[in-house]
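The block underneath contains the structure these notes are about, expressed in structure tokens.
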Amino acid sequence: MHELAPINPWVALAYLVSGVFFILALRGLSSPASARRGNRFGMAGMAIAVVTTLVTHELANPVEVLGAIAIGAVIGIVMARKIAMTAMPQLVAAFHSLVGLAAVAVAAAAYLNPGAFGIADELGQIFTVSRVEMGLGVAIGAITFSGSVIAFLKLNGNMSGAPIMLPLRHLINLGTLAAILGLIGYFLTDQSGWVFWTITGLSFLIGFLLIIPIGGADMPVVVSMLNSYSGWAAAAMGFTLSNTAMIITGALVGSSGAILSYIMCRAMNRSFISVIAGGFGADTSSAGGAAKEQRPWKPGSADDAAFLMSQADNVIIVPGYGMAVAQAQHALREMADLLKKEGVNVKYAIHPVAGRMPGHMNVLLAEANVPYDEVFELEDINNEFAQCDVAFVIGANDVTNPAAKTDKTSPIYGMPVLDVEKAKTVLFVKRSMGGVGYAGVDNDVFYMDQTMMLLGDAKKMADDIVKALSGSGH
Amino acid sequence: MDFIAIFSIFILACFVGYFVVWSVTPALHTPLMSVTNAISSVIIVGALIASAAAGSPLSKWLGLAAVVMASINIFGGFAVTGRMLAMYKKKER
């Protein structure tokens, strides 16, 4: 082992406390009641880490450093205040790209001035272990950055969500990855600049190449995956700096992103490998085209819907992303409030991929003042559809399709779905009979006897139902 | 600290992360992502060291740039998480 400069035990202890506070921050999220306290733990942990660093390092120019923090603080707080809740996935992708780029900058700074980080001997030779950590850190950071930029552009609509498929892309990607790993190996014997900067450049390239073939429908997985990468980048830099706060945080964030990716993959019945391989959502026009015979369906009006729901004992609302796109969540909550006044028991059923990122729909409903104890996850509410009078589906489609349970040829076969077809009556709000969901498959629920199709814009329909409900009675 | 000691902390922290994250309620997965974003910017520690050090001017400027980026994330991440969590309310009874 190399002789490192002795670390002040109090400093090491402070970073450890900061790491423990970060664990408590995540622990707080086990329930909405404790979550705000958890967020404060996170802030305290960060304050401890930053203050410890500032007081133990002689600042060459405190004005510059504090100025940089102030600039970042203003930009960050303004972004956080202004962002619309529907745009959360883009914001998170943008934040990931910043973590990635910051990791690259720190790794590059450490490479250029290893003495300041205590990772080189008197001759300026960087320690072998530090070279591995630095190489991995800069590579993961660069992949996180360029991947997140592409994810941001796709989510924000600056770039089409359709997958971009380069010829021979698997070969190019594997070749680039192998080159990066080979160069990190070579970096151990030769610390010249070209090795370090080529690793950086190739990693920016691979991040870009990895994300462009992934379609819009798979973006929840991609955002979670990049979340994980940003954690591993922080952990790699933590190894370089022997900093426990960074290592604990990196491990927490890395596992968190990995678990969220797994949950999202499971919710879409997609394997992680097939998401990474990309191309999903490329051929929506061909899929399901065969089963397009005209089948009878029953149209309904807002008045019919209002009458049926006000007569019901139990109503389960199934919101999908179409609801959020139409900005119908406030009208929907008003509708639920009026129904509750009539003595109807109203619950919301959320599919894990109802939004554009994990837990997105819950945030959108919370913003519309829907109490969180009326909102249930798929596995908690699915057996209640059999006892419910009305299932009100608004802006969702694939996540209610019973073909996922029965039809082995369906592209969504095996995906967990909400059992709306078991409800006594299904009210299905949909823009038109023509369009189909992301997976491009027809939904048998439309044609069932107990289904009434409410065709129109989700917000207008919810508003009309509110009007009909407040007009009737009282 | 030697590599093995640090590596042990890392592996144990991965297990802690695994169990803590599985206990997060799915309703809070979006705030989970934004708060993990904020805390992964603890990388600011490295950025501060680089920007404080004398020697290489390029290294210092890279450090300062990283301080700005990490601060955006820290303040933005905690602020947006706080904003979301403030929206989660129980039924009024």
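Note that this is a predicted model, so its numbers are computed, not measured.
Heavy atoms closer than 4.5 Å to chain A are found in the backbone of B:Ala38, but not in its side chain. When heavy atoms are compared at a cutoff of 4.5 Å, B:Ile74 approaches chain A solely by way of its side chain, counted from C-beta outward. With a 4.5 angstrom heavy-atom cutoff, A:Asn39 touches chain B via backbone and side-chain atoms both. Only the side chain of A:Met46 comes within contact range of chain B, with heavy atoms under 4.5 Å apart. With a 4.5 angstrom heavy-atom cutoff, A:Ser30 touches chain B via backbone and side-chain atoms both. Proximity to chain B (any heavy atom under 4.5 Å) is shown, for A:Phe21, by neither the backbone nor the side chain. Using a 4.5 Å cut-off between heavy atoms, A:Met237 touches chain B through its side chain atoms alone. Interface residue A:Glu64: backbone and side-chain heavy atoms are both found under 4.5 Å from chain B. With a 4.5 angstrom heavy-atom cutoff, A:Val223 touches chain B via backbone and side-chain atoms both. Only the side chain of B:Val35 comes within contact range of chain A, with at least one heavy atom under 4.5 Å from a heavy atom of that chain. Only the side chain of A:Leu260 comes within less than 4.5 Å of a heavy atom in chain B; its backbone stays farther off. When heavy atoms are compared at a cutoff of 4.5 Å, A:Ile263 approaches chain B solely by way of its side chain, counted from C-beta outward. Contacts of A:Val375 with chain B are absent, with no heavy-atom separation under 4.5 Å from either backbone or side chain. Interface residue A:Ser256: backbone and side-chain heavy atoms are both found under 4.5 Å from chain B. Proximity to chain A is absent for every atom of B:Phe15, based on heavy atoms less than 4.5 angstrom apart. Of the atoms belonging to A:Arg81, it is backbone heavy atoms, and not side-chain ones, that fall under 4.5 Å from chain B. Heavy atoms of B:Leu32 lying under 4.5 Å from chain A belong to its backbone as well as its side chain.
Between B:Ile72 and A:Phe95, some side-chain heavy-atom pair lies under the 4.5 Å cut-off. Contact check for A:Phe22 versus B:Thr36: no side-chain heavy atoms found under the 4.5 Å cut-off. Proximity of A:Leu364 to A:Met88: side-chain heavy atoms (C-beta onward) are nowhere separated by under 4.5 Å.
Residues B:Ala66 and A:Ala105 share a closest heavy-atom pair of CB-CB, 3.8 Å. Contact detail for B:Pro31 and B:Met84: the closest heavy-atom pair is CA-CE, 3.9 Å. A pairwise comparison of heavy atoms in B:Leu28 and A:Pro32 identifies CD1-N, 3.7 Å as the closest pair.
Chosen from B:Val20, B:Val45, B:Leu12, the residue pairing most often with chain A at heavy-atom distances under 4.5 Å is B:Val45. Ranked by non-hydrogen atom pairs under 4.5 Å with chain B, the options A:Ser31, A:Gly250, A:Ala116, A:Gly238 are led by A:Ser31. Among A:Gly115, A:Ala235, A:Ala73, the residue with the largest count of heavy-atom pairs under 4.5 Å with chain B is A:Ala73. Note: A:Gly42 leads A:Ala107, A:Ala108, A:Gly67, A:Gly42 in heavy-atom pairs under 4.5 Å with chain B. Among the candidates A:Glu133, A:Met79, A:Glu377, the residue making the largest number of heavy-atom pairs closer than 4.5 Å to chain B is A:Glu377. The candidate with the highest count of non-hydrogen atom pairs below 4.5 Å against chain B, out of A:Thr56, A:Val92, A:Leu26, is A:Leu26. For the options B:Val67, B:Thr25, B:Leu58, B:Ile44, heavy-atom pairs under 4.5 Å to chain A are most numerous at B:Thr25. Listed options B:Asn73, B:Leu48, B:Val24 were ranked by heavy-atom pairs under 4.5 angstrom with chain A; first place goes to B:Asn73. With chain B as the partner, the residue from A:Ile71, A:Val370, A:Val50, A:Leu101 showing the most heavy-atom pairs under 4.5 Å is A:Leu101. Most heavy-atom pairs under 4.5 Å with chain A, from the set B:Leu64, B:Val21, B:Ile39, B:Val68: that is B:Ile39. Taking B:Gly17, B:Ser34, B:Ser40 one by one and counting their heavy-atom pairs under 4.5 Å with chain A, the maximum is reached by B:Ser40.
Of the possible polar contacts, one joining the B:Arg83 side chain to the A:Ala80 backbone as a donor-acceptor pair under 3.5 Å is found. Using modelled atom types, no side-chain atom of A:Tyr348 and backbone atom of A:Leu365 make a donor-acceptor pair closer than 3.5 Å. At least one donor-acceptor pair closer than 3.5 Å links the side chain of A:Ser18 to the backbone N or O of A:Gly45. A:His360 places a side-chain N or O within 3.5 Å of a backbone atom of A:Met85 that can act as its donor or acceptor partner.
Between B:Phe10 and A:Phe239, the ring planes lie perpendicular to each other; the angle is over 60°, past the 30° to 60° tilted range.
Remark: of the listed residues A:Thr53, A:Thr52, A:Thr244, A:Thr53 is the sole one forming a side chain to side chain donor-acceptor pair (under 3.5 Å) with A:Tyr15.
Around OH of B:Tyr18, the count of heavy atoms belonging to other residues, nucleotides or ligands within 6.0 Å does not exceed 12.
For A:Tyr262 and A:Ser224, the side-chain atoms include no donor-acceptor pair closer than 3.5 Å.
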